[in-house]
Amino acid sequence: MPAEQIEGKMTDVKTKAEDAAPTGADPLLSVSDLRIELAAGGDRIDLVSSAALSARRGEVVAVVGESGSGKSLTLRAIAGLLPVGIEVAGGRIDVDGIDVVGADAKTMRALRGGVVGMIFQEPMTALNPTMRIGAQIAEAARAHGKLSGGEAKARAIELLGQMGFTEPERRYRLYPHELSGGMRQRVVIAIALAGGPSLLLCDEPTTALDATVTMKVLDLIVGLASELDLGIVLVTHDLGVAARICDRIVVMYAGRVVEEGSPEELLQYPRHPYTLALLQAVPTRESTIEQLQAIRGTPPTAGEIPAGCPFRPRCAFAEPECAAPVELAEVTPGRVTACRRQAVLAALEERSLA
Amino acid sequence: MNAVGGMPPSAAEIDVESRTPMRFGAVGNLTRGALGGNGSLLAGLIILGTLIALGLLAPVIAPDDPVKQDINNILVSPGNASHLLGSDQLGRDTLSRLLYAIRNDILIALGAIILPFLIGTLVGVLAGYRGGWVDSLLVGIVDVIIAFPILVLLIALVFVLGPGVRTIIIAVAAIDWVVYARLARTSARREAAMEYVIAAQVGGVPTRRVIVRHIIPNLISQSVVYAMSDAVLVILFITTLGFLGLGIPPPAPDLGTMIAEGQAYLNSQWWLAVIPGAAIVVTALGLSLIADGLAQKLDAR
Amino acid sequence: MVYARFLVRRLLQAIPVVFGVTIVVFLLIHLVPGDPARTALGTHATPQAVAQLHHLWGLDKSLPEQYWLFLKRLLGGDLGTSLRFQQPAGHLVLERMPVTLWLLCYATVLTCLIAVPAALLAASRQGALRDRIVRLLSVTALGIPGFWLGLMLIEYIAVETGIFPSSGYGSGFLGHLESLFLPSLTIAAGIVPLVVRSLRAETLKVADADFVTTARAKGLTERRIRLRHVLRNALAPSITVLAVNVSFLVGGTLVIEQVFSLGGVGSLMLQGIDARDFPIVQAVTLILALVVVGVNIFGDLVQALIDPRVEVR
Amino acid sequence: MPDNLLEAKDLRVAFGGGRDIFLRRKPTFEAVRGIDFHVARGEAFALVGESGAGKSTAARCVVGVQRPTAGTVTFDGKPLDPRKDHAQRRAIQMVFQDPQGSLNPRMTVGTMLVELLRLNGLVDSRPAARARAVELLEMVGLPESALDRRPRSFSGGQRQRIGIARALAVEPSFLVADEPVSALDVSIQASILLLLKRLQEELGLTLLFISHDLAVVRQLCDRVAVMSEGEIIEEGAVTDVLHHPRHEFTKQLLAAATDLPELKMRTPAAPDVVSQGKEPAR
């Protein structure tokens, strides 16, 4: 797709976000200094060592990173859905004024589904195979808000209709295995919305889907965000998906946030060498193989993350000083990076603009 | 270069966040660490090892001849100087009979599972890998034999063949192989569909070698684990046959026969039936623990 | 109705298996080393008697011919004539069937009553003390020989406390319920460990499934998640395990009937063995195999009702 | 010598079929519904489509692990039958999608390579096989020490390199690559693509490339055929198809692609920024 079209799309969404800005002066979601650890035997392994994230109502924020970057764990921590053995070891998570890290079980139940809806990667496995799809949606609706069985059913049918199901009354009675992957993902979205949440967390929602289906599902999610004034956090490894639908991109590497900014700025003028290297390594339909540059080395394994800047061993810009710890710092309004050498990147940006 | 020296724990283990759906189970295994199956395995090996050692050494350590009758000393209570565990209704030394019975039962059980293990696994792998009519035929045979209650068919077979150690081994093998065959067939079909097998075929590795070098090593451990729990069943079958008078022909000692003979004296000489029963339970427990431990080790991989 | 059609289809699919079963049962008598008629009648039988039995059993014909006759007789409901009782073997088996069926059903119910709570308790926290205890108990129980457990229960429960009778079938529903409690418990003890193991593993597997995370993300209570989402999905495979293990249950009844002196099909078979009564042994083997086939079909049906993914069409 | 190394005419593959125990016909599913394509010597040709389009099934026919139900395929002018024809089997090799499942977990890399080299009579002694295996590993950017390790201990990208080394071990002229980068992390993809490109040029390989990703295809291939529901709906030079799609489905596919805006800031090629497809020290 020509780049203009993408930019057009992005500005569209942005205007919407700006419209919504007044209502969302206070961030709906704010995550700071989040640390997540795996307790293995006596050892504790850092999986996420510093994650910071915020989202306002009506805003779509993408968290981008490769496998092992800690993006999915960060997302799950927000809903208190970390796997057994993995826990939050420090930092704060606030959702709509609720302190998630310190919350008791009852608060968390009210939060899940009621304040935070979640969409998963694998629509094949995210639905209960022995339960009708309608019942699964209705159940989510009944868990929040006092609905009778009939009301919950009506709500589920209404949601199915909103998700683009024709004849929702009839589809209500289907089982997950009777639906295609894209349709199942719509059911998952309906479940996530049934409790009337204000924040929608999406964990690689389109990775398992074909490209044409991906687009439809993404459009549906973005449409809902503006219609219902939801905040959306979308975790993906696909920079293209992030570029296409979000207002802000947060890049994670080795359990840390390394850069954050608007898609236009971040994807065209990155201020962290990892982002830059990633962009140079992703083939596009306009680029040729001569322009493609591999990143040397492999992403570090959890528990083996180098001290200082974690990208240092793979970085083309690294200097000895990069071995010292580095903090996220704002470089221009709305742009944050965790790189000591960002001045070099800024100079490169100057040069390309000149 | 990370290739030099040991690799860190493979990425797949700690990498809880991959493109594949998050596997909570894998994390669970990791957090439990090495505690897993080693405890069971060790306990099982100690129990079974002790029993096998006792059985093998029976000719040396048994205080008496297990079939020697002593009419003057019948139904002696345990603790007696010449009969440590007492004697039975024919004055035979219980301890000696017990040791020989353990020896006989364990040896027959192990003997009885080796044949079906080998035949069943081989047939199952061939049928599963080749598919076609051979496979259909195997599935048919398996379905028919599985339809019988195992013990009933076993008793019927032993009955028509006439009692004896050889009969027991043949009868167990004739029935039991289908279970190994079914297990190996399923695994072989799964492995044959794996890309590494296709890659070997594409690379020109001949079929026989694909089966022997690629498929069998990847499924055999599962069959071994099954064989251990199967041994429990076979021990139970053998002693049941003995109890029903269809087992090892008397006077050779067998735990089931000992229980059958002891049941008449349960209210006076309880040990005659209780001790051999406990010996069966302990033997089976040893085998089950080994199976359990092996299965957990296998799972962890 | 789809389930009726599913049932019919499963019954039709069982035909080849039943056919195979008849072949095995038919061949049993030909496995006897030497002359089965002479073996059956003992060494003192007159040559005329042996020849007569030869003719009666059709041993003077070719194997396929014999099988054809055997099959024709079976289809006519004739399972041979017992040498000892001089009665139709089929009739004898059916007469003893109620006790055996009672035992089977009773044992199945007890199995569920013990295994389901035990498995759920163990799976409620993997690796916790209760999990370890349940696992150790079931590993141990797996190796207890049924006949021995039966003897112990008779001696130390029935005889000493007198709460349950040590033998007999009792009369009336409640009488059966009381009299058959210990034997059924003994039979159940043999397969409870297998069901516990399977249900525990399935429950843990399902508890890790993505859709349970979805359920949690809905904000449901843990109780509802366990009952509505975990249990139902874990149950279906365990029902298969139970159905497959009916084979063990049936084998168990045979010995346990003997221990508790119950006049069921199993003790009939053992009587037949004592009397070298081949037709009885054949008839019992055949009918018990048919029971297993039937129970497996029933298990499939239950599974189809629980799990919509099982194709019923 | 024919120009087209591989030619497929009216290739069809159906699954299922046969009869059940009541002799009723089982339903069949036609994964490939009569496709024609050809791959010229030295060319890189791609089959593109969404999941279930039949592209992988077609690839499996070419390497002989799937029997076509109908149609003719010729390789180098002769009917294709890699199962029987030893020379063909050696000439056509495959790289798989899943770098995990395509390596035998119980075999070291060395054992695997030596097995292939010896079975195909490419070396006459064990030491020679080992030496050749080291060469192969070097070719794909792995050190000698990889020989004695099992697949488990490698990262996804390294496993894919091993998979490529295995395919090259028997010295093929035609390489089938079935989604070789789609299971890999973004930062690893580029190095594998660069490696494939380099090897194709250095060894003069003909390439049949299977992918769902048009951007990836654009990097490696000259010509592309778009598949949908078992049929080829459009075929042509990659740039043509990308910029002037004719078929409605191709247009949809292009519209749906999530591409990046152009990176305005390209770095000057720093000497230590590796671009040759080798994966140096981490």
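Every chain is numbered from 1 and lettered A, B, ... according to where its sequence line falls, protein lines coming before strand lines. The figures here come from the full heavy-atom set of this structure, side chains too, leaving out hydrogens, waters and symmetry mates.
Annotation for D/R60: atom CZ does not count as buried by contact number, only 12 or fewer foreign heavy atoms lying within 6.0 Å. Annotation: A/E265, atom CD; neighbour count of heavy atoms from other residues, nucleotides and ligands within 6.0 Å is above 12.
Judged purely by atom type and a 3.5 angstrom limit, D/Q189 has no side-chain atom pairing as donor or acceptor with the backbone of A/A281. Looking only at distances, a side-chain donor or acceptor of D/Q219 sits under 3.5 Å from a matching main-chain atom of A/T284. A donor-acceptor pair under 3.5 Å links the side-chain atoms of D/R218 to the main chain of A/R285, judged by distance alone. The main-chain N or O of D/S51 is found under 3.5 Å from a side-chain atom of A/D210 such that the two form a donor-acceptor pair.
Atom-to-atom distance recorded for D/S187:OG and A/L278:CG is 6.5 Å, nearest 0.5 angstrom. Atoms OG1 and CG, from A/T275 and D/L263 in turn, are 10.5 Å apart once rounded to the nearest 0.5 Å. Between the CG atom in D/D185 and the OG1 atom in A/T298 there is a gap of 10.0 Å [rounded to 0.5 Å]. Distance check, rounded to the nearest 0.5 Å: CG of D/L260 to CD of A/E286 gives 11.5 Å.
What you find for A/P283 and D/A215 is that their closest heavy atoms are O-CB, 3.5 Å. The shortest heavy-atom contact between A/I289 and D/L194 is CG1-CD2, 3.7 Å. The shortest heavy-atom contact between D/I188 and A/G297 is CD1-O, 4.2 Å.
Annotation: residues 242-253 of chain D contacts chain A through D/L242, D/H243, D/Q252, D/L253 [non-hydrogen atoms, separation under 4.5 Å].
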